[in-house]
2 protein chains.
Amino acid sequence: MPYPAKLHPGTILSAARQLLEDGGPEALSMRPLAERLGVQPSSLYRHYADRAALLSALETEATLELLATVQAHAAQATPAASLHAVGLAYLAYARQHPHLYGLLLAPKEPYMATPGPGKDLWNAVLALVDAVTGQPDDTAATVAVWAYLHGFVVLERSGQFGLSGPRGGFERGLQALIEGLGRKGGDAGPG
Amino acid sequence: MPYPAKLHPGTILSAARQLLEDGGPEALSMRPLAERLGVQPSSLYRHYADRAALLSALETEATLELLATVQAHAAQATPAASLHAVGLAYLAYARQHPHLYGLLLAPKEPYMATPGPGKDLWNAVLALVDAVTGQPDDTAATVAVWAYLHGFVVLERSGQFGLSGPRGGFERGLQALIEGLGRKGGDAGPG
DNA sequence: GTCTATAGCAGGATAGAC
DNA sequence: GTCTATCCTGCTATAGAC
């Protein structure tokens, strides 16, 4: 009777995504996933080799979405404005999908190293930063921007900002960073 | 014959710390910990209520160490130089003790909210940032600096910078951030 | 204060029938 | 392609003897 197969990779993945988004990585386990799909846990292995494969697929999904978000905000009047808008959009995505976003920075090989959506995302941000600093392939500045964005996301998620937290602080720092990176120098010593 | 008790809270904690530092949080489990101490797992519960108590004690230890590191580098010729030096010291500590550092930002109540070593650490950085921006209690700017520092640590640990990664990028961004925050304005719009 | 013994839970994954 | 049945591993934590 199970002629129209109950399961398709897409169905599984979307259920898995819901589990992850609702309850974090630990909530995405094979048994609850199967239950939500009305299926036995072992059936899932016909479609995904193991749990890691599911997570990997979700990570790709998230990367593509974040890339699309970035691209959608990258065209502003000035390079600084573009980077500013993209920063806000990045934060917004991470806030909307915290657990999905969390997959993006699990220990792995660098995005910039291997082709794929991750590298596309890196390149998109790199181009924006280059436009601001005026230097081609400005890896160091891109890393700085990325560190700031990611750090803010993590701090906020860890609860450090509390309920009435200084969320306006995000733009203050982003602005300062863009300004500071934009100046030709970078040669002012610490002293 | 076990007159000199085998276990003391300090002994346990230092063994626990080693497990954590060597293998991350998952490596700190009660059975291996007991084995390393030549003891049965159940014996540990005489000294620490549960595993969470161990982690909490280690977190306090790490916070105090990081605070000491910050204080040791805070006295430079100028406020900017102090913040710069502290930033480097912060990164160095996180690199030296990645898993211990990792305990510091597990989801919890904000450091700035409740008295304790965490709040002391926050206040120490806050004072440095205030001196740079010229504003008292400049929470927003402090958050920005902290986000940058933490974000860089996490990105680096996640392997994003590879082996020959742009570690010099850290100072570039830190410098830019300090400069940008130091300017009176912050009022320059994104456009 | 340490021991033995064990309860209890959750998780990933596989073998083989249908 | 889904099922039943099960294995295996890992973990925290407790009860009660000594």
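First the proteins, then the strands, lettered A, B, ... as listed; each starts at 1.
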Round to a whole Å and report the spacing from [atom1] of [X] to [atom2] of [N].
X	N	atom1	atom2	answer
B:Leu37	C:dC3	CG	C1'	15 Å
A:Tyr45	D:dT6	OH	C1'	13 Å
B:Met30	C:dA5	CE	C1'	17 Å
A:Leu44	D:dC3	CG	P	9 Å
A:Leu33	C:dG12	CG	C1'	13 Å

*Between D:dT12, C:dG12, D:dC3, which nucleotide has the shortest distance from any of its atoms to the side chain of B:Arg51?*
D:dT12
*May I ask you to say what A:Arg46 touches in the nucleic acid, namely base, sugar-phosphate or nothing, with a heavy-atom cut-off under 4.0 Å?*
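Base contact.
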*Between B:Tyr111 and B:Trp146, what is the ring plane arrangement, given parallel below 30°, perpendicular above 60°, and tilted in between?*
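It falls in the parallel class, under 30°.
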Ignoring backbone atoms, establish whether [X] has a side-chain N or O less than 4.0 Å from OP1 or OP2 of [N].
X	N	result
A:His47	D:dT2	yes
A:Ser43	D:dG1	no
B:Ser42	D:dT14	no
B:Gln40	C:dT2	no

*Considering heavy-atom distances to DNA chain D, does A:Val39 or B:Leu28 have its closest nucleotide positioned more toward the 5' end?*
A:Val39
*Any N or O donor-acceptor pair linking the side chain of A:Arg31 to the base of C:dG11 at under 3.5 Å?*
yes
*Ring centre gap for A:His150 and A:Tyr101 strictly below 6.0 Å*: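 Between A:Tyr101 and A:His150, which both carry aromatic rings, the centre distance is below 6.0 Å.
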*Can you list the steps and then say if B:Glu65 with B:Tyr93 is a side-chain hydrogen bond (donor to acceptor under 3.5 Å, both in side chains)?*
CA-CA 9 Å; B:Glu65 288 176 11; B:Tyr93 183 83; 2.6 Å; yes
*Using only heavy-atom distances, determine whether the side chains of A:His84 and A:Gln76 contain a donor-acceptor pair under 3.5 Å.*
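The answer is no; no qualifying pair exists.
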